[in-house]
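Notes to accompany the following structure.
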Amino acid sequence: MTRLFDVLVSGVLLLLLSPFLFYRAVAGQISTHQVFIRMPQLGYRQRPFNRLSFAGAASGKNLAVLINVLAGDLAWAGVRALSPAEAEQLGSKASDHFNFRPGVLSAYSLKRQVGLAYDDEFATDHAFFSRLSIKSYIGLCLRGLIAWVLEGDADRPTPPLLHFWGVDILNTTMTEALDWLEACFDKPHTSLLAFVNPACLNIAYTHEDYRQVLQNAECVLPDGIGIKIACRLLGQHLRENVNGTDMFPRLCERAAKAGYSLFLLGGLPGIAEQAATAMQQRFPGLKIAGVQDGFFSDAQEPQVLAAINASGAAVLLVGFGVPKQELWLARYREQLRVPVCMGVGGLFDYYSGRIPRAPVWMREIGIEWTWRLLQEPGRMWRRYLIGNPLFLYRVWRQRQQG
């Protein structure tokens, strides 16, 4: 069934695009004296083939891959095709890879396009294609098309920092962010890590105290598809969507292996405790130094601070919501004896099971925000229906002003 889908789609596209493809072939022949550039690759069961692209600098060079799909060299969706040199270098790991048909799009490449490729490429692809169905195959192809529209295919510069009205965001990966966090354990002071999405940056635009906290934080990380779209508007490339919700289980996994502990502060009564229990079941050996809900009075704050400091936690996660959590951390930063502190919003709600997170397919096409809107329309409509367009308008203004 997947092969029939490949033949039908590639055949229809070749027919519809035939005038442009003819022009592109002629343009390549005129400019370089050849129609195609051929890249040797290995396909299913290590069958060699040449991946085609049109020669020359004109647009549409990658459309020649339609011929590869029609010929059966590539599927629309499959694992990444390897060059002979890559296959030799990977050794036995590559042999498992050849049990799956290579494709124009892979599960990993889709995640990479939308900034969610946190895990190993081969493990990601093998997990998806080992349980492939025609429904999941077509779904991956459609999500890939949407991701391509969001990301585009042009190469854009990847600056180390992204600048949004006075807030510097580190353009990094999930792995590098976790490495940075663990390196802070050896520092003599408390390091503040913050995550920002379009709603946070809208608040920072007018809230001077919050903006100053972000400016003084050791690390600010990009959260959400809105930051990726903003980067595209500015002609820049976002490496990964390093949000706190996806970081949390990876942080717990590292903590369980390395032996350091976490303190969870915030949320409704019992929610942080439920989240802690769920993660300890998922990662045996994970140390939770303490939990505390977010409903305590000003008079109780000294007791809360004392409990955090006495716990010996390496990382404090605070879920009060933006900007309250960052302002609270900034206020008590000098009193805290925790190497790393971070604001995590409603993270505990997700991992306690109180609020279900959007399905993966919604995250992969950048519409997780619609899931949150449907869950709590009365609370979220202003943030998304007004806030998102306002954020993009401000980014557009920033681009116009240079």
- Not counting sequence neighbours, which residues clear ring pair (Phe, Tyr, Trp, His ring centres under 6.0 Å) with F128? List them please.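 Ring pair (Phe, Tyr, Trp, His ring centres under 6.0 Å) check on F128 returns nothing, list empty.
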- What residues, two or more places apart in sequence or in another chain, satisfy ring pair (Phe, Tyr, Trp, His ring centres under 6.0 Å) together with Y118?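 Ring pair (Phe, Tyr, Trp, His ring centres under 6.0 Å) list for Y118, sorted by chain: empty.
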- Nearest atoms (heavy-atom pairs only) where G343 meets L329: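 Looking at all heavy atoms of both residues, the shortest contact is N-CD1, 4.0 Å.
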Listed pairs under 3.5 Å, donor-acceptor, residues 16-27 side chains, sequence neighbours left out:
unit_1, atom_1, unit_2, atom_2, d
S18, OG, L15, O, 2.9
R24, NE, A58, O, 3.4
R24, NE, S59, O, 2.9
R24, NH1, A55, O, 2.7
R24, NH2, A55, O, 3.1
R24, NH2, G56, O, 3.1
R24, NH2, A58, O, 3.0

- Query: Nearest 0.5 Å, what's the CZ-CG distance between R51 and L74?
  - Reply: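 Here the interatomic distance stands at 5.5 Å.
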- Item | Separation between CZ of F320 and NZ of K324, rounded to the nearest 0.5 Å |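 It comes to 6.0 Å.
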Is the shortest side-chain heavy-atom distance between [X] and [Y] below 4.5 Å?
| X | Y | result |
| --- | --- | --- |
| V322 | C200 | yes |
| L145 | W76 | no |
| E364 | R143 | yes |
| N171 | P222 | no |
| V344 | V318 | no |
| R80 | E86 | yes |
| V340 | T190 | no |
| I169 | L201 | yes |

- Message: Any carboxylate oxygen within less than 4.0 angstrom of a Lys/Arg side-chain nitrogen, looking at R239 and E176?
- Response: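 Here R239 pairs with E176 in a salt bridge, since their nearest N and O are under 4.0 Å apart.
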- Message: I'd like to know if K111 pairs up with E121 as an ion pair, taking the criterion as any Lys NZ or Arg NE/NH1/NH2 lying under 4.0 Å from an Asp or Glu carboxylate oxygen.
- Response: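 No, K111 and E121 are not salt-bridged.
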- side chain to side chain contact (heavy atoms under 4.5 Å, CB included) between N50 and N68: does it pass, once the steps are laid out? CA-CA 8 Å; N50 289 316; N68 288 122; 5.9 Å; no
Excluding sequence neighbours, so at least two apart, what forms salt bridge (Lys or Arg N to Asp or Glu O under 4.0 Å) with [X]?
| X | result |
| --- | --- |
| R333 | E218 |
| D293 | none |
| D179 | R254 |
| R357 | D246, E368 |

- Message: For residues 188-218, which residue pairs pass the ring-ring contact (aromatic ring centres under 6.0 Å, His included) check, not counting sequence neighbours?
- Response: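 Residue pairs with at least one partner in residues 188-218: W165-Y205.
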- Item | Residue pairs fulfilling ring-ring contact (aromatic ring centres under 6.0 Å, His included) with at least one residue in residues 329-361, sequence neighbours excluded |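 Of all non-adjacent pairs touching residues 329-361, those that pass ring-ring contact (aromatic ring centres under 6.0 Å, His included) are F248-Y351, W328-Y332.
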- Query: Which of parallel (below 30°), tilted (30 to 60°) and perpendicular (above 60°) describes F5 and Y137?
  - Reply: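 Because their plane-to-plane angle is over 60°, the rings of F5 and Y137 count as perpendicular.
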- Classify the angle between the aromatic ring planes of F122 and H97 as parallel (below 30°), tilted (30 to 60°) or perpendicular (above 60°).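 The arrangement is perpendicular - the two ring planes meet at more than 60°.
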For [X], I'd like to know if atom [atom1] has over 12 heavy atoms of other residues, nucleotides or ligands within 6.0 Å.
| X | atom1 | value |
| --- | --- | --- |
| Q89 | CD | no |
| Q400 | CD | yes |
| R3 | CZ | yes |
| R250 | CZ | yes |

- Query: Are the side chain of Q236 and the backbone N or O of A230 linked by a donor-acceptor pair below 3.5 Å?
  - Reply: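 Flag not set: sc Q236 to bb A230 has no pair under 3.5 Å.
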- Any donor-acceptor pair under 3.5 Å from N202 side chain to L390 backbone: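 No; zero donor-acceptor contacts below 3.5 Å.
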- Distance flag, aromatic centroids of F54 and F36, threshold under 6.0 Å: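 Between F54 and F36, which both carry aromatic rings, the centre distance is below 6.0 Å.
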Side-chain atoms of residues 256-279: list all donor-acceptor pairs with protein atoms under 3.5 Å, sequence neighbours left out, distances to 0.1 Å.
unit_1, atom_1, unit_2, atom_2, d
Y260, OH, E182, OE2, 2.7
T277, OG1, E273, O, 3.0

- Query: Quick one: side chain to side chain donor-acceptor pair (under 3.5 Å) partners of R131, sequence neighbours excluded?
  - Reply: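 Side chain to side chain donor-acceptor pair (under 3.5 Å) list for R131, sorted by chain: empty.
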Please set out all donor-acceptor pairs under 3.5 angstrom arising from side-chain atoms of residues 309-316, sequence neighbours excluded.
unit_1, atom_1, unit_2, atom_2, d
N309, OD1, R337, N, 2.6
N309, ND2, L305, O, 3.4
N309, ND2, Q335, O, 3.0
S311, OG, I308, O, 2.6
S311, OG, A313, N, 3.2

- Message: Taking the six-membered ring of F98 as reference, does the cationic atom of R45 (NZ for Lys, CZ for Arg) lie under 6.0 Å from its centre and within 45° of its axis?
- Response: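 No - R45 does not lie over the ring of F98 by the 6.0 Å and 45° rule.
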